[in-house]
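Have a look at the structure below, then the notes.
These numbers come from a predicted model, not from an experiment. Just so you know, residue 1 is the first one in the sequence shown, and it goes up from there.
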Amino acid sequence: MILAPQTDDDAWVSVLNSNGRDRWLFLRRIGADRDERAHVPTDEEIVTDAQRRLGIDRKVELINRSTWRSAREVAAHYRNQRVFLVGDAAHRFLPTGGQGMNTGIADAHNLGWKLALVVRGALDPKILDTYDSERRPVGNITADFQLSTGGRLVALQQHIDLDDEGSRDFWLNELEKHVRSVGITLGQWYPQGFLVPDQTTPPTLDPERYTPVDRPGHRYPHVWVDAAQTESTIDWFDTSFVLVTGPKAEGWRQAAEILCSQIKAPLHVKTLRAPDREHGILMGAHGAVLVRPDGYVAWRAPCASQQPLAQLRELMSTLGVLT
């Protein structure tokens, strides 16, 4: 909940629930580079101000008070030899937009499967360098998005006029972008890393919209694979590499089944019976896509191959999968 100023001396206030019941955070801006308040209020003054701003006549207990500085920070490197930075240790965002946990979980997901397969002797240890090359650019893009979202909130607070319907609607529409960020969450992609680019054009990264595509470096799209909609393509990816093939890609399937016993990393084969371009599946009926354990596409072939086994062997060697 955001409370607009009631007087010229008031600041905008955000009120957030912290336990789902009776504990609340009462947040207000006190300055930019320095504390701009005329004086530091006492505990009693804070309680009185909260009661006035909320319009309530009931007891308010002050549990804790503190000051906090928001920042946009991303580590210069996510790896230093045996040390890897993940989550809040790697990046600090403004809270506006709420991408901190999403990004931290994606960091851990990216690093976890690579570490596991390196420790098992299935991947070349050099592959661990791709954690930095893939995730650090995402950290910077997300940090910039959070910063712009924070600026958008400040602009709204400065310019919104609740007595002017046009102004109010304009800035409230802008405020919706504060939470419409599915493109940032799902649309981030890796131009380089543990993948083989195919020189195709990526969809535009739009913070408000997610464009699914089976292109290398992107998340493999969600598609229901059964009529009852109980299984998704997303369910296929977790602990192994998966070669997803079109319905007429018998050559790719046979080659992958042979290759399974020749490489140290786990490899499974799945067939998508009805590739759907509207859902971002562009590989076609004769094509194949190699998906990593974290659900990101590592390689794509939109057609059949004269030598599928040799091509898959070369692919795995290029990626650093050991035999």
For the residue pair Gln99 and Thr149, establish whether any side-chain heavy-atom pair is separated by less than 4.5 Å.
-> no

With the 4.5 Å side-chain cut-off for hydrophobic clustering, are Leu319 and Val289 part of the same group?
-> no

Contact check, side chains of Phe26 and Leu54, non-hydrogen atoms, under 4.5 Å = yes

Over 60° means perpendicular and under 30° means parallel, so classify the ring planes of Phe194 and Phe241, tilted if in between.
-> parallel

Glu208 atom CD, over 12 foreign heavy atoms within 6.0 Å = yes

Identify whether Val321 and Ile258 are in the same connected component of the hydrophobic contact network (ILVMFWY, side-chain heavy atoms under 4.5 Å).
-> yes

Atom CZ of Arg168: over 12 foreign heavy atoms under 6.0 Å = yes

Check whether any side-chain heavy atom of Arg28 lies under 4.5 Å from a side-chain heavy atom of Asp49, and answer yes or no.
-> yes

Flag side-chain contact, heavy atom, 4.5 Å: Trp171 against Asp164 = no

Tell me whether Trp299 is reachable from Val242 by hopping between hydrophobic residues (I, L, V, M, F, W, Y) whose side-chain heavy atoms are closer than 4.5 Å.
-> no

Looking at side-chain heavy atoms only, is the closest gap between Ile63 and Arg23 below 4.5 Å?
-> yes

To the nearest 0.5 Å, how far apart are OG1 in Thr201 and CZ in Arg215?
-> 7.0 Å

How many angstroms lie between CH2 in Trp24 and CG in Asn19, if you round to the nearest 0.5 Å?
-> 9.0 Å

Count the heavy atoms of every other residue, nucleotide or ligand shown that sit under 6.0 Å from CD of Glu278, and state whether that count exceeds 12.
-> no

Ion pair check, Asp124 and Lys126, cut-off under 4.0 Å = no

For Arg65, look at atom CZ and say whether over 12 heavy atoms of other residues, nucleotides or ligands are found less than 6.0 Å away.
-> yes

Heavy-atom pair of closest approach, residues Tyr296 and Gly217 = CD2-O, 3.3 Å

Working for salt bridge (charged side-chain N to carboxylate O under 4.0 Å, His left out), residues Asp35 and Arg37 | CA-CA 6 Å; Asp35 188 340; Arg37 294 172 295 182; 2.6 Å; yes

So which heavy atom on Gly139 is nearest to which on Tyr78, and how close?
-> CA-OH, 3.8 Å

Write down the atom of Cys303, the atom of Trp252, and the distance for their closest heavy-atom approach.
-> O-NE1, 3.0 Å

Cluster check Leu111, Val119: I/L/V/M/F/W/Y, side chain < 4.5 angstrom = no

Just how far is it from atom CD1 of Ile281 to atom NE2 of His279, taken to the nearest 0.5 Å?
-> 8.5 Å

Where the side chain of Ser133 meets the backbone of Thr130, is there a donor-acceptor pair that is under 3.5 Å apart?
-> yes

Which heavy atom in Thr230 sits nearest to a heavy atom in Asp235, and how many Å separate them?
-> O-OD2, 4.2 Å

Using a 4.5 Å cut-off on heavy atoms from C-beta on, say whether the side chain of Leu186 contacts that of Arg219.
-> yes

Is the backbone N or O of Pro247 less than 3.5 Å from a side-chain atom of Arg253, with the two atoms forming a donor-acceptor pair by type?
-> yes

What one should report as the nearest heavy-atom pair of Ala256 and Val269 is CB-CG2, 3.5 Å

From Arg300 CZ over to Leu195 CG, what is the distance, rounded to the nearest 0.5 angstrom?
-> 12.0 Å

With under 30° as parallel and over 60° as perpendicular, where do the rings of His222 and Trp224 fit, or are they tilted in between?
-> perpendicular

Check whether any side-chain heavy atom of Phe237 sits under 4.5 Å from a side-chain heavy atom of Val244, and report yes or no.
-> yes

Assess whether atom CZ of Arg52 is packed by more than 12 heavy atoms of other residues, nucleotides or ligands within 6.0 Å.
-> yes

Does one side chain, of Thr204 or Asp206, offer a donor that lies under 3.5 Å from an acceptor on the other?
-> no

hydrophobic_cluster_shared for Leu27 and Leu94, side chain cutoff 4.5 Å | no

Under the salt bridge (charged side-chain N to carboxylate O under 4.0 Å, His left out) rule, what pairs show up with a residue in residues 102-118, not counting sequence neighbours?
-> Asp107-Arg135, Lys114-Glu134

Passes side chain to side chain contact (heavy atoms under 4.5 Å, CB included), Ile141 versus Leu205? Steps please.
-> CA-CA 10 Å; Ile141 290 172; Leu205 179 60; 4.0 Å; yes

For atom CD of Glu314, is the number of surrounding heavy atoms from other residues, nucleotides or ligands below 6.0 Å larger than 12?
-> no

Does a side chain donor of either Trp236 or Glu231 reach within less than 3.5 Å of an acceptor in the other side chain?
-> yes

Could you give the distance from OG1 (Thr42) to CD (Glu44), rounded to the nearest 0.5 Å?
-> 4.5 Å

Rounded to the nearest 0.5 angstrom, the CE-CG distance for Met283 and Asp214 is 7.0 Å

Student check: side-chain heavy atoms of Thr323 and Met316 closer than 4.5 Å = no

Which heavy atom in Val86 sits nearest to a heavy atom in Ala108, and how many Å separate them?
-> CG1-N, 3.7 Å

Stepwise side chain to side chain contact (heavy atoms under 4.5 Å, CB included) test for Leu282 and Arg277 = CA-CA 5 Å; Leu282 307 180; Arg277 296 180 66 88; 3.8 Å; yes

Yes or no on side chain to side chain contact (heavy atoms under 4.5 Å, CB included) for Val74 and Arg136, after CA distance, side-chain angles and deciding distance?
-> CA-CA 8 Å; Val74 178; Arg136 187 157 52 87; 4.3 Å; yes

